[in-house]
Student: 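Pasting in a structure now, in C-alpha cells, and then I'll have a few things to ask.
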Amino acid sequence: MSGPSNYNPQNPALKWIERRLPIGGLIHSSFVAYPTPRNLNYWWTFGAILSMMLVVQIITGVILAMHYTPHVDLAFKSVELIVRDVNYGWLLRYIHSNGASMFFIAVYIHMFRGLYYGSYKEPREVLWILGVIIYLLMMATGFMGYVLPWGQMSFWGATVITNLFSAIPWVGDSIVTLLWGGYSVGNPTLNRFFSLHYLLPFVIAGVVVLHVWALHVAGQNNPAGVEPKTEKDTVPFTPYATLKDAFGMSCFLLFFAWFIFYIPNYLGDPDNYIQANPAVTPAHIVPEWYYLPFYAILRSIPSKLGGVIAMFGAIVVLAFLPWLDSAKTRSSKYRPLAKQFFWIFVVVCIGLGYLGAQPPEGIYVIAGRILTFCYFAYFLIVLPLLSRIEKARPLPNSIAEDVLAKSGKPVVSALIALAVGGTLMLGGMNNASAADHGAKPPSLNWSFAGPFGKFDQAQLQRGLKVYKEVCSACHSLELVAFRNLADPGGPGYSAAQAAAFASDYKVQDGPNDKGEMFERAGRPADYFPSPFPNEQAARASNGGAHPPDLSLIAKARGYERGFPQFVFDAFTQFQEKGPNYIDALLQGYEEKAPAGFTLPEGSHYNKIFPGHAIKMPPPLSDGQVTYDDGSPATVKQYAQDVSAFLMWTAEPHLEARKRLGLQVMVFLIALSLLLYFTKKKVWANAH
C-alpha cells in the first residue's frame with residue numbers, strides 16, 4: 001500500500017540511476033507519499049523508535065566487537081578495558097547495555113499497542129506474525145549478549161537457561177552439549193554466543209524489512225480500527241508522520257540519555273561486575289528484567305519439561321492471536337469488556353515480572369501459578385469468548401470523524417500506569433538480588449553524587465594512601481594503571497607524580513635474555529601489581545578466603561533499596577550504593593557477636609556483611625595512616641576516603657560522563673521543543 005509517487009529527479013545523474021534502479025521512487029512512494037491514517041496517536045511512534053534502537057544497537061555492537069575478546073580468561077577484562085582505555089568506550093558500552101533495555105521497553109509498548117488496537121486482525125496477520133518472530137529473535141540476541149561480559153550473573157544465567165533444553169525428551173542432552181560445545185559452560189559456549197550475538201541483529205534487520213513491507217502492503221491500522229475510505233482520512237507520511245515520529249524519538253532519547261549519563265548501572269546486576277566463577281553460585285540467579293514474566297511462568301510449573309513448554313508457549317501463543325480473537329471490531333476503544341480485560345492482562349504481566357524476581361518459595365509460587373493461568377486464560381478463554389458474546393460500541397463512519405472525537409488524556413494516563421507498574425517490577429528485582437545482605441548502610445553525602453557531582457581530588461589522594469598502606473597488602477587493583485592517576489577527573493596528579501608513584505612499586509617482567517623472570521621499578525603504563533602471585537597463594541595467606549580485586553568493588557557491591565525508594569533513585573540519580581556499602585562495612589566490625597549468633601572459627605562479626613561472618617579482620621584502626629593535609633586519622637575518615645577512591649577506580653570517567661550528559665540533555669530538550677512546535681504548525685494545516 002505505497003502511496004502514488006510523482007518522483008521525477010531533475011539531476012541528470014539521478015535520472016540515469018532512476019531509469020536503471022528506481023530506488024528513489026521506491027523511497028518516495030514508501031516514506032514520503034505513503035498515505036498514513038490521520039488519527040494515529042503517539043503509541044504508533046514506537047515503531048520508528050524501534051527502528052532507531054535497532055540501528056543504534058547494531059552500530060555500537062559492531063564497534064564494541066572490534067575490541068572485545070571472546071575468551072573466558074580475557075572477556076571480562078576486555079569489556080572493562082573498553083570502558084577505561086578506548087576513546088569514549090564507556091559511552092559505547094553504556095549505550096549498548098542500556099540500549100537493550102530501551103529496545104525491550106519500546107517493543108513491549110509496541111506489542112501492547114498492537115493488542116489493544118487489534119493490529120493482528122485481518123488483513124495484517126502476516127505483519128503480526130513477523131513481529132512475533134522479531135520478538136523471539138530479540139530475546140535470543142539479548143540473552144546471548146548478556147553472557148558476553150562473562151560476569152557472575154552472565155555465567156550462571158547461561159548455565160541455567162541452556163540447561164532448560166535438557167528437559168526435551170531424547171534430544172535434550174544433545175542440544176545442551178551442542179550449545180555448550182562441551183560438558184559445561186565454557187570457552188566454546190562463549191565463542192558460540194559471541195558469533196550468534198553478532199549475527200542475529202542482521203537477521204532481525206532482515207525480518208524488520210519484511211515487517212515494513214507487510215505493513216505497506218496491508219496498510220497501517222489506527223486507533224479507530226476502520227480502514228481509510230477517502231483522501232480526508234489520510235495524510236502523506238512526510239512531513240506529517242515523519243515530524244510526529246521525530247518528536248517521539250527525541251523524547252525517547254531524552255529518557256534513554258538519562259540512563260546512559262546519570263544512572264548507567266540502574267538496570268544491571270552488581271554481580272555482573274564480578275568475574276565469572278564456576279565454583280561460586282550467586283545467592284539469587286535472576287535474568288534481565290525483560291525476561292522476568294516468562295521466568296516466572298517457567299518456575300510456576302512443577303515439571304521441568306512442563307515449565308519449558310509453558311515458557312515457550314507463552315510466546316508462541318501470540319502468533320495465533322489473529323485466529324483466537326475473531327471479533328469483527330478491531331480496536332478495544334470500542335469494546336468495553338475487551339478494554340477491561342486488556343488492562344487486567346497488563347497487570348498480570350507486570351505481576352509475573354515481579355514474581356519472576358522473587359525466590360521460588362511460599363506464596364510467590366502460588367501467586368505465580370495463579371497469574372500463569374490468568375496469562376494463558378486471556379488468550380485461550382477470554383478473547384475467544386469475548387469475540388462471541390461482546391457487543392461493541394458503534395464505530396465512527398470514517399477516520400476523519402474519529403479525529404474530531406479523540407483525546408490525548410488516555411495516552412498520558414496509560415503511560416503513567418505502565419511506568420509505575422514497570423518500576424514495581426524492577427523494584428522487586430532489586431529486592432531479590434540484594435535480599436541476603438546485612439543491615440542497611442546509611443546514605444552518605446558524596447561529592448560525586450548528582451548531575452553535577454565531581455570527585456574530591458584531596459579525598460581521592462587520601463583514599464589512595466589508605467589503599468597503598470593498608471588495603472594493598474591483600475587486595476589488588478588489576479584494572480587500574482599508574483598512568484590513570486594523572487587522568488582528568490582522577491586524583492589530580494601530574495604525569496611526573498604518577499611516574500614517581502609507579503617507581504615505588506616492584507613489577508615482575510620478563511623473561512630476559514636468559515629466559516628468567518625479573519623485577520623492575522614500575523612504569524606509568526604498568527597496572528597496580530597483585531600482592532600475591534596467584535589465587536592459591538592469596539587463599540593460603542588469608543585463612544582460605546580469596547581477597548577480591550578492588551577495581552570494580554564499588555559497582556560489584558550493593559544493598560536493598562526496595563519499592564518505592566528504588567523508583568525515587570531513578571529520579572535522584574542515586575548510584576552510591578557501592579561506596580555506602582564499603583564505608584559501612586569497614587566501620588561495621590564489632591568485638592563480640594550478638595547473643596545467639598554462632599561465629600565460625602577464624603571469622604569476625606560484621607553487622608553489614610552478608611551472613612555477618614567475615615574472614616577479613618578489621619583492616620582499619622585510629623592513627624593507622626597519617627594524612628599530610630591534617631585530616632582526622634580516624635577509622636571513619638579512612639573508610640570514607642578509601643570508599644570514594646574505590647568509586648573512582650570503578651568509574652574513572654564519571655566526571656566526563658556527567659559533563660557530556662548535561663550537554664546532550666540540553667541539546668535534546670531544545671531539539672524536542674523545536675520538533676514539537678514544528679509538528680504542531682504542520683499538523684495545524686492538516687486539520
Side-chain angles (χ1 to χ4, degrees), residues 1-4 29-53 106-124 127-128 130-131 208 211-252 329-335 339 342 395-415 418 672 675-687:
M1 190 182 167
S2 295
S29 63
S30 300
F31 300 105
V32 178
Y34 175 65
T36 305
R38 68 193 310 140
N39 64 338
L40 296 187
N41 56 38
Y42 281 107
W43 296 121
W44 264 260
T45 63
F46 282 92
I49 289 169
L50 284 166
S51 300
M52 173 187 70
M53 290 308 305
V107 83
Y108 282 132
I109 294 175
H110 193 63
M111 290 169 68
F112 279 127
R113 186 269 295 167
L115 282 170
Y116 184 83
Y117 291 114
S119 297
Y120 50 84
K121 292 180 179 289
E122 191 272 333
R124 300 178 179 87
L127 174 65
W128 176 262
L130 287 169
V208 166
H211 189 65
V212 174
W213 187 3
L215 172 69
H216 281 72
V217 170
Q220 284 184 298
N221 187 30
N222 61 84
V226 297
E227 298 297 331
K229 296 182 177 66
T230 66
E231 290 186 2
K232 291 183 179 180
D233 291 338
T234 62
V235 291
F237 188 83
T238 302
Y240 296 98
T242 306
L243 277 172
K244 199 169 188 176
D245 287 347
F247 172 65
M249 288 189 286
S250 181
C251 292
F252 189 83
T329 302
R330 290 195 184 99
S331 177
S332 294
K333 182 178 178 181
Y334 299 99
R335 301 176 61 191
K339 180 189 293 187
F342 169 81
L395 295 175
N397 294 320
S398 66
I399 291 176
E401 182 181 318
D402 180 63
V403 170
L404 299 176
K406 72 178 182 179
S407 170
K409 292 181 181 179
V411 175
V412 176
S413 61
L415 273 174
L418 287 173
S672 298
L675 287 171
Y676 173 75
F677 289 112
T678 305
K679 182 218 67 148
K680 193 172 181 181
K681 182 175 179 61
V682 168
W683 274 90
N685 298 330
H687 296 308

Student: So does A224 get a backbone contact from the side chain of S331, meaning a donor-acceptor N/O pair under 3.5 Å?
Tutor: no

Student: Nearest 0.5 angstrom please: M111 CE to W128 CH2, how far?
Tutor: 5.5 Å

Student: List the residues meeting side-chain hydrogen bond (donor to acceptor under 3.5 Å, both in side chains) with Y108, not counting sequence neighbours, and say none if there are none.
Tutor: Y135

Student: Give the minimum heavy-atom separation between K121 and T329, together with the two atoms involved.
Tutor: CE-O, 3.5 Å

Student: Specify the closest pair of heavy atoms between S119 and R124, including all atoms of both residues, with the distance to one decimal.
Tutor: O-CB, 3.4 Å

Student: Work out which heavy atom in P123 is nearest to a heavy atom in A218; give both atom names and the distance.
Tutor: O-CB, 3.7 Å

Student: Tell me every residue that passes ring-ring contact (aromatic ring centres under 6.0 Å, His included) with F342, counting only those two or more places apart in sequence or in another chain.
Tutor: Y116

Student: So, taking the atom named OG1 in T678 and the one named CG in L243, what distance separates them when rounded to the nearest 0.5 Å?
Tutor: 6.5 Å

Student: What is the distance from atom OG1 of T36 to atom CH2 of W44, rounded to the nearest 0.5 Å?
Tutor: 12.0 Å

Student: How many angstroms lie between atom CE of M52 and atom CD1 of I49, to the nearest 0.5 angstrom?
Tutor: 6.0 Å

Student: Indicate yes or no for a side-chain donor-acceptor contact from S332 to the backbone of G118 under 3.5 Å, with no hydrogens or angles considered.
Tutor: no

Student: Quick one: sort the H110 and H211 rings into parallel, tilted or perpendicular, breaks at 30° and 60°.
Tutor: perpendicular

Student: Of all the heavy-atom pairs spanning N222 and P37, show the shortest one and how long it is.
Tutor: CB-CB, 3.8 Å

Student: Taking NZ, NE, NH1 and NH2 as the nitrogens, is one of them in R330 or E227 under 4.0 Å from a carboxylate oxygen of the other?
Tutor: yes

Student: Do the rings of F252 and F46 sit parallel, tilted or perpendicular, given the 30° and 60° boundaries?
Tutor: perpendicular

Student: Assess whether atom NZ of K229 is packed by more than 12 heavy atoms of other residues, nucleotides or ligands within 6.0 Å.
Tutor: yes

Student: State, to 0.1 Å, how close Q220 and L40 come at their nearest heavy-atom pair, and which atoms those are.
Tutor: OE1-CD1, 3.6 Å

Student: Can the ring centroids of F247 and W683 be said to lie less than 6.0 angstrom from one another?
Tutor: no

Student: Mind checking what makes salt bridge (charged side-chain N to carboxylate O under 4.0 Å, His left out) contact with R335, not counting sequence neighbours?
Tutor: D325, E390

Student: Nearest heavy-atom pair of V226 and S398: which atoms, and what distance?
Tutor: CG2-C, 4.2 Å

Student: Could you check D402 against Y334 for side-chain contact (heavy atoms from CB on, under 4.5 Å), going step by step and ending with a plain yes or no?
Tutor: CA-CA 12 Å; D402 180 63; Y334 299 99; 2.9 Å; yes

Student: Against L127, only a single residue in L215, V217, N221 fulfils side chain to side chain contact (heavy atoms under 4.5 Å, CB included); can you say which?
Tutor: L215

Student: Measure the spacing between OG1 of T45 and CZ of R113 and express it to the nearest 0.5 Å.
Tutor: 9.5 Å

Student: CD1/I109 to CG/L50 distance, rounded to the nearest 0.5 angstrom?
Tutor: 9.0 Å

Student: For K232, is there any backbone N or O sitting under 3.5 Å from a side-chain donor or acceptor partner on R38?
Tutor: yes

